[in-house]
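Down below is the structure, laid out as structure tokens.
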Protein chains: 2
Amino acid sequence: MRSLPDASVDLVFADPPYNLQLGGDLNRPDGSHVDAVTDEWDRFDSFKAYDDFTRAWLAEAKRILKPDGALWVIGSYHNIFRVGAILQDLGFWILNDVVWRKANPMPNFKGTRFTNAHETLIWASQGEKAKYHFNYRAMKTLNDELQMRSDWVLPICGGQERLKEDGHKVHPTQKPEALLYRVLLATTERGDVVLDPFFGTGTTGAVAKRLGRQWIGCEREGLYREAALKRIEKELPLDESALATMQSRKSAPKVAFGALVENGMIQPGTEIFDKKRRWVATVRADGSLAYGKQTGSIHGLGKELQGAPSCNGWTFWHYESGGEVKPIDAARQLYLLATED
Amino acid sequence: MRSLPDASVDLVFADPPYNLQLGGDLNRPDGSHVDAVTDEWDRFDSFKAYDDFTRAWLAEAKRILKPDGALWVIGSYHNIFRVGAILQDLGFWILNDVVWRKANPMPNFKGTRFTNAHETLIWASQGEKAKYHFNYRAMKTLNDELQMRSDWVLPICGGQERLKEDGHKVHPTQKPEALLYRVLLATTERGDVVLDPFFGTGTTGAVAKRLGRQWIGCEREGLYREAALKRIEKELPLDESALATMQSRKSAPKVAFGALVENGMIQPGTEIFDKKRRWVATVRADGSLAYGKQTGSIHGLGKELQGAPSCNGWTFWHYESGGEVKPIDAARQLYLLATED
DNA sequence: AGCTTCCTTGAATCGGGTC
DNA sequence: CGACCCGATTCAAGGAAGC
């Protein structure tokens, strides 16, 4: 970070070590062993050592950020209060704290506390009077025409998305792409420079590339760096029309199509079409659709194209998945199953 | 607080001033005025002043709490990071941070940030090795037989519950009773003493009285004190049977497996086995088990055979009764029913 | 092929009493 | 303070295996 010039970066996203301070081993009720975060990089001798470390990287972040840049940090109760207090002391101005509510957290196996089911993000500007960027419309569209709230329900990173090597996870704390997707879509513009000082396996870089943002990553561990570069190499940027986000008010769909897009079930840029393929529309990053110069929600655009008094976009639009044509409602059903509380 | 003796209180619940630092007036899009927290008690000149104030009351709380007592604090992003860091510095040990997810938050009228839809609570014990109380079973029951998570969805305080005087709310930040209900049910026992150093209009006292807990409140403002006393006066304690909660096994009387054998519920010579019948062991007259040349207690032998770090013999071993296969724990339950006072 | 069942796993500060 | 023993304790998702 020290090598970067002053005021050169639009956004810093940081996922620093949490300083977990774990004790002995932990076993599940069935006797199996829990694979804990015991890496050297998460060990600090004291709160003071952790505070010094935190103050140092936050001060650098503040120097590198443009005057209208912003900072995101993610953490758990082990570290987030210290991080939050220090960034306030350094002059950052907190805009929101955001809670990532995990759809599928690890249970508390011993029944000793509440299930630790969330992590906390802090979003802060350079100072009380500083400007910052917030794509209000894109967030509202993504959230089914309701204001995006400060609590986000997202699954943890697993399945195909989780990087593995010989069947073992490459990084113990890989973050879900959907989280970064929302952060970058909410608080950066196309072409912005995003810095991640704890790059790990490069989730920030991968999502930045996909969304047409530039990225810089700092990572000490060579293994993580290699995995990150390989991963980002494979990532394809979305094209122009998919990246255009909604600018004007549209009718309110009943279910958030945007959630499917954010979640990756429907990729931005996907072409969806009516059953007879009379119209083929492109899905955009915020869940809106584009058909030539016409744009709108899945319902609104379907209605306009048909000249009908109304349209249920969920059954009108179809997509191809595994050589099969399905209504997008099928994706919603899958999503509902996956995220039901 | 200074007048209270050392180690005299079981739980502290604190809802301190949030140090909101609101700038000018806030108006809704329709021009109406938002009734914000601008009271004198919420004004602090600097972070330092707020930190000093926080350190002072937290240190008193630590002194007054019993060694196995616990602390709850609620706050927003304006103050919670400072409070959390300071309580860690004072030696409190964070057990969970809990997110109160508001079902009906105030929208962000200007569309400049995410809707501020949650507040954060911290639950902490007296120290890393300190004991604390957690009614795991009661929480699990309350949550439909799933572990209670660290994110709680509760409506804000309104309607009949909101205290009003001449149509104006008596206190600007009255907390919902459901929140205190869950806090007290989770971390106190009947008869425990609960202290609220920022009593306000007495939500803590009202719920404590209802749940059969004793309460102490500190409140500077006479108006709030009056409203609180009047409110708590009207509150009726729940009766004995309504207060009963699901108890954990820990608090049930212990039964030795030998007692079941002695009692004749499990005959010596009975063959018991794991669910998949990989191992079949014989019950001996003293309540120990034999498997070939290996012998041991229900727990010890189960542990050895599986090569597991530990084993609950009550659920691991099964027996046949009336053509049905049951865990031996079923016999213990019968025994407990038969020997109850 | 499609459905069911089983197994694995995830940023976790994860016992208590007696000798 | 350590050793030892008793015995309490898990949810959702994904992938593999079986039917």
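In what follows, chains carry the letters A, B, and so on, assigned in the order in which the sequence lines appear, proteins first and then strands, with residues in each chain numbered from 1.
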Got a sec, which residues hit ring pair (Phe, Tyr, Trp, His ring centres under 6.0 Å) with B/W317, two or more places apart in sequence or on another chain?
none
Provide, to the nearest angstrom, the distance between the CZ atom belonging to A/R82 and the C1' atom belonging to C/dT13.
14 Å
Check DNA chain D against residues 291-302 of chain B and give the residues with a non-hydrogen atom under 4.0 Å, in numerical order.
B/S297, B/H299
Mind checking ring pair (Phe, Tyr, Trp, His ring centres under 6.0 Å) for B/F92 and listing every partner two or more places apart, or none if nothing turns up?
none
For A/E226, which residues count as a side chain to side chain contact (heavy atoms under 4.5 Å, CB included) partner, sequence neighbours excluded?
none
Restricting to side chain to side chain contact (heavy atoms under 4.5 Å, CB included), what partner residues turn up for B/D286, sequence neighbours left out?
B/R284, B/S288
Let me check something: any side-chain donor-acceptor pairs from residues 259-268 of chain B under 3.5 Å, sequence neighbours excluded? List them with distances.
none

Spacing of the C1' atoms in D/dG15 and C/dA11 (rounded, Å):
23 Å
Rounded distance in Å between the C1' positions of D/dG7 and C/dC14:
15 Å
A/E119 has an atom CD; how far is it from atom P of C/dT13, in whole Å?
10 Å
Can you check the distance between D/dC6 and C/dT13, where both ends of the measurement are the C1' atom (answer in whole Å)?
25 Å
In chain order, what residues pass the side chain to side chain contact (heavy atoms under 4.5 Å, CB included) check against A/A56, with sequence neighbours excluded?
none
Which atom pairs link the protein and nucleotides 15-19 of chain D when you take only N or O atoms and keep those under 3.5 Å?
{"from": "D/dG15", "atom 1": "OP1", "to": "A/Q160", "atom 2": "N", "distance (Å)": "3.4"}
{"from": "D/dG15", "atom 1": "OP1", "to": "A/Q160", "atom 2": "NE2", "distance (Å)": "2.8"}

Contact list for residues 71-83 of chain A, test salt bridge (Lys or Arg N to Asp or Glu O under 4.0 Å), sequence neighbours left out
A/D51-A/R82, A/R82-B/D89
Contiguous Watson-Crick or G-U pair runs (3 or more, under 3.5 Å) in DNA chain D
C:2-10 with D:11-19, C:15-19 with D:2-6
Applying side chain to side chain contact (heavy atoms under 4.5 Å, CB included) to A/L179 and not counting sequence neighbours gives A/I74, A/W100, A/L121, A/W152, A/L154, A/K175, A/P176
Can you sort out which residues in residues 83-99 of chain B have a heavy atom within less than 4.0 Å of DNA chain D? Ascending by number, please.
none
